[in-house]
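All figures in this text were calculated on a predicted structure; none of them were measured in a lab. These numbers come from the heavy atoms of this one structure, side chains and all, not from hydrogens, waters or symmetry mates. Residue numbers begin at 1 in each chain, while the letters A, B, ... track the order of the sequences.
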Amino acid sequence: MDDQTRMLASMGGLGGLSQADVGDPDSVRKQQSLGQPPQDIGDILQQIMAITDESLDEAQARKHALNCHRMKPALFSVLCEIKEKTVLSIRGVQEEDPPDPQIMRLDNMLLAEGVSGPEKGGGSAAAAAAAAAAGGSPNDGSIEHSDYRAKLAQIRQIYHSELEKYEQACSEFTNHVMNLLREQSRTRPISPKEIERMVAIIHRKFSSIQMQLKQSTCEAVMILRSRFLDARRKRRNFNKQATEVLNEYFYSHLSNPYPSEEAKEELAKKCAITVSQVSNWFGNKRIRYKKNIGKFQEEANLYAVKTAVDAANVSAQASQANSPATPNSGLFICYE
DNA sequence: TTTAATGATTCTCG
DNA sequence: CGAGAATCATTAAA
């Protein structure tokens, strides 16, 4: 066997031109058409069993001979060309790769929710924006909001770690495949273009995985948001002391029960609720009082007495301590 | 279980 | 944008 024959033999699998093919076409047809798998596997096993150190050495030697052969580059380039031409016809199907509108939408949403994009800062800013949009001053540090933020942060963290994992796996896999192909390109006609295409295919696959990740993250955020909104609807009655403070203010300003922004803030602080809750309370109270003054008369009297008593106490204390009168308590309570 | 009370939301209007 | 009004949804009382 001279070098050229041997070379052809070793390339046989790919080019479809093995000695067996040339020498005995019938045998191939027999194997392919009727298909006798048991025999095939048996053959293969036998071949594997027959591998010896010498045969491995021989294969290595053949490989080396092939690599060094002066005709190799020319032959490979021709084979690559042929391959390229046959592949070209198939390629058109999966060629187009425009920026997916779906993935853009997901990206935008993740960015808006502060999941992707700049780290911590962006996230809390978005949460703060959500809090502000929910109505109320930005420092409404209610439990739900911090809870929401915490959950969002958790989602963000998972998202980032997963994304990183996928990216790492993708680059690892790509490297692996590229190395493999480069290695094989020494014994098989593989053009750089083909490697490039392979890499592109891998990236497409991984980006589809990434899209799934983004999608599920979006879903998680949506669920969190809806739960958050629901949670806001779940109300808890204010504690007794808070209601008392609010009622006191209301009935002692009955002629003009519209607390200023500062007064609201003060009340909010006293009652351990938010300013918007104070606003809600006064809105509700005003309308409900107006609707049925009779029903609230008892309450009104009660608080009037209370503030009157308080005022009396305060003034008594004040006169006792000989200190200036307190500025703002029950001054226009004239209940008898 | 029904009902009243109550905090929150949503809408319109000035 | 804030107030009023209607309404929703939950809680507490009956």
Where at least one partner belongs to residues 249-258 of chain A, residue pairs that pass salt bridge (Lys or Arg N to Asp or Glu O under 4.0 Å), sequence neighbours excluded =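 Of all non-adjacent pairs touching residues 249-258 of chain A, none passes salt bridge (Lys or Arg N to Asp or Glu O under 4.0 Å).
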Sequence neighbours excluded - salt bridge (Lys or Arg N to Asp or Glu O under 4.0 Å) pairs with any residue from residues 266-280 of chain A |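 Qualifying pairs: none.
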Got a sec, which hydrophobics cluster with A:I44, joining ILVMFWY side chains under 4.5 Å apart, including via others?
->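 Other cluster members: A:I48.
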Got a list of protein N/O to nucleotides 4-6 of chain B N/O distances below 3.5 Å?
| residue | atom | partner | partner atom | Å |
| --- | --- | --- | --- | --- |
| B:dT6 | O2 | A:R235 | NE | 2.8 |
| B:dT6 | O2 | A:R235 | NH2 | 2.9 |

Would you say a side-chain N or O of A:R236 is under 4.0 Å from OP1 or OP2 of B:dG7?
->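 For B:dG7, OP1/OP2 do not have a side-chain N/O of A:R236 under 4.0 Å.
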With respect to the phosphate group of B:dG7, does any side-chain polar atom (N or O) of A:Q277 fall under 4.0 Å of OP1 or OP2?
->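 For A:Q277, the contact criterion (side-chain N or O under 4.0 Å from OP1 or OP2 of B:dG7) is not met.
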[X]: side chain to side chain contact (heavy atoms under 4.5 Å, CB included) partners, not counting sequence neighbours:
X	answer
A:Q241	A:N239, A:V245
A:A200	none
A:I51	A:S55, A:L56

Nearest whole angstrom, please: distance from the [atom2] of [N] to the [atom1] of [X].
X	N	atom1	atom2	result
A:I287	B:dT10	CD1	C1'	14 Å
A:N280	C:dA3	CG	P	11 Å
A:K291	C:dA5	NZ	C1'	7 Å
A:K290	C:dA3	NZ	C1'	10 Å

Using a cut-off of strictly less than 4.0 Å between a heavy atom of the residue and any atom of DNA chain B, enumerate the qualifying residues of residues 256-273 of chain A by number.
->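 Correct list: empty, so none.
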Using the C1' atoms of the five pairs at each end, what is the angle between the end axes of the helix from B:dT1-C:dA14 to B:dG14-C:dC1, to 10°?
->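 One end's axis against the other's: 0°.
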Just jot down the ring-ring contact (aromatic ring centres under 6.0 Å, His included) partners of A:F238, sequence neighbours excluded, or say none.
->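 Result, ring-ring contact (aromatic ring centres under 6.0 Å, His included) vs A:F238: none returned.
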Go through the structure and list residues passing ring-ring contact (aromatic ring centres under 6.0 Å, His included) with A:F250, not counting sequence neighbours.
->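 Only A:Y289 meet the ring-ring contact (aromatic ring centres under 6.0 Å, His included) criterion with A:F250.
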A:H69 side chain vs A:A65 backbone, donor-acceptor pair below 3.5 Å |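 Pair absent, no side-chain N/O of A:H69 close to backbone of A:A65.
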Ignoring hydrogens and angles, tell me if any N or O in the side chain of A:E265 forms a donor-acceptor pair with the backbone of A:E262 under 3.5 Å.
->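 Not a single qualifying donor-acceptor pair exists.
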Residues in side chain to side chain donor-acceptor pair (under 3.5 Å) contact with A:E299, at least two apart in sequence or another chain |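 Checked A:E299 against side chain to side chain donor-acceptor pair (under 3.5 Å); matches are A:Y251, A:K285.
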